[in-house]
Amino acid sequence: MAAKILANLIVMGSGILARAFVQAYRQALTNASKSGVAQETIQNTVRRASKVMTEQEARQILGVSPETPWEEIVKKYDALFEKNTQTGSFYLQSKVHRAKERLETLYQSKGQDAPS
């Protein structure tokens, strides 16, 4: 009999806690939407997901200036890419590749010679 009462108390207690949790969560969502936090969080998530490397960041990664000719950019790219192939840093290798891609599209749009 005591076990039945104890089990009943546990079940009822967990039900009460679950309802309180759901109610608190709903209230938090309501407060967040009123203060604009939810919208800001969504915008930040979208911004991060669609983040494109800037020209300045690409030039900084490859160590080139806006006046650098395309051939010099390719030489820098090859050197950095090979160095990161040897050390095994896939992250840096991908950053170098993305930087070259970014500058390649920039040079192609300017009408300069930027072969792929």
Side-chain angles (χ1 to χ4, degrees):
M1 175 131 165
K4 187 175 182 180
I5 294 172
L6 184 60
N8 200 5
L9 283 174
I10 291 173
V11 170
M12 289 178 67
S14 62
I16 291 169
L17 284 176
R19 276 181 267 155
F21 178 76
V22 170
Q23 185 179 5
Y25 184 74
R26 284 184 183 157
Q27 186 63 43
L29 287 177
T30 303
N31 292 343
S33 65
K34 286 180 183 175
S35 67
V37 172
Q39 188 64 26
E40 184 178 331
T41 303
I42 291 170
Q43 288 173 350
N44 286 341
T45 303
V46 169
R47 229 179 280 135
R48 283 187 196 132
S50 65
K51 185 178 180 194
V52 177
M53 184 179 290
T54 64
E55 177 188 352
Q56 180 182 4
E57 184 181 5
R59 290 190 185 284
Q60 189 175 20
I61 289 170
L62 293 175
V64 297
S65 68
E67 296 81 28
T68 307
W70 178 249
E71 294 76 25
E72 183 68 26
I73 292 173
V74 172
K75 286 179 188 175
K76 292 256 188 170
Y77 163 77
D78 289 337
L80 288 170
F81 194 84
E82 284 304 315
K83 184 170 185 133
N84 287 310
T85 300
Q86 295 167 358
T87 61
S89 177
F90 180 73
Y91 174 76
L92 292 176
Q93 199 174 22
S94 66
K95 279 292 201 181
V96 168
H97 185 70
R98 296 291 171 243
K100 179 197 169 237
E101 283 181 339
R102 174 66 175 108
L103 293 178
E104 188 173 33
T105 58
L106 183 71
Y107 275 71
Q108 285 175 348
S109 68
K110 286 184 178 179
Q112 297 181 7
D113 185 30
S116 3

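This is a predicted model, so every value here is computed, not measured.
Val22 is not listed as a side-chain neighbour of Tyr25, based on a closest heavy-atom distance of 4.5 Å or more. Side-chain contact between Lys4 and Asn8: absent, with no pair of heavy atoms (C-beta onward) separated by less than 4.5 Å.
Side chains of Glu101 and His97: a donor on one and an acceptor on the other come within 3.5 Å.
Nearest heavy-atom pair across Ala99 and Met53 is CA-SD, 3.5 Å. The two residues Val96 and Phe81 have their closest heavy-atom pair at CG1-N, 4.2 Å. Across all non-hydrogen atoms, the minimal contact from Arg102 to Thr105 is O-OG1, 2.7 Å.
One distance of note links CD of Glu67 with CD of Glu72; it measures 13.0 Å at 0.5 Å rounding. Note that CD1 of Ile16 and CG of Leu9 are 9.5 Å apart. Values are rounded to the nearest 0.5 Å. For the atom pair Leu103 CG and Tyr107 OH, the distance stands at 6.5 Å (nearest 0.5 Å). In this structure, the separation between CZ on Arg98 and CD on Glu104 is 12.0 Å, given to the nearest 0.5 Å. Rounded to the nearest 0.5 Å, atoms CG (Leu62) and NZ (Lys100) are 10.0 Å apart.
Gln60 CD: 12 or fewer foreign heavy atoms inside a 6.0 Å radius.
Under the side chain to side chain donor-acceptor pair (under 3.5 Å) test applied with Arg59, the options Gln56, Glu55, Glu57 reduce to a single match, Glu55.
A donor-acceptor pair under 3.5 Å is formed between the side chain of Lys76 and the backbone N or O of Gly63. Asn84 places a side-chain N or O within donor-acceptor distance of the main-chain N or O of Leu80, the cut-off being under 3.5 Å.
Residues Leu92 and Val64 do not share a hydrophobic cluster, clusters being chains of Ile/Leu/Val/Met/Phe/Trp/Tyr side chains in contact below 4.5 Å.
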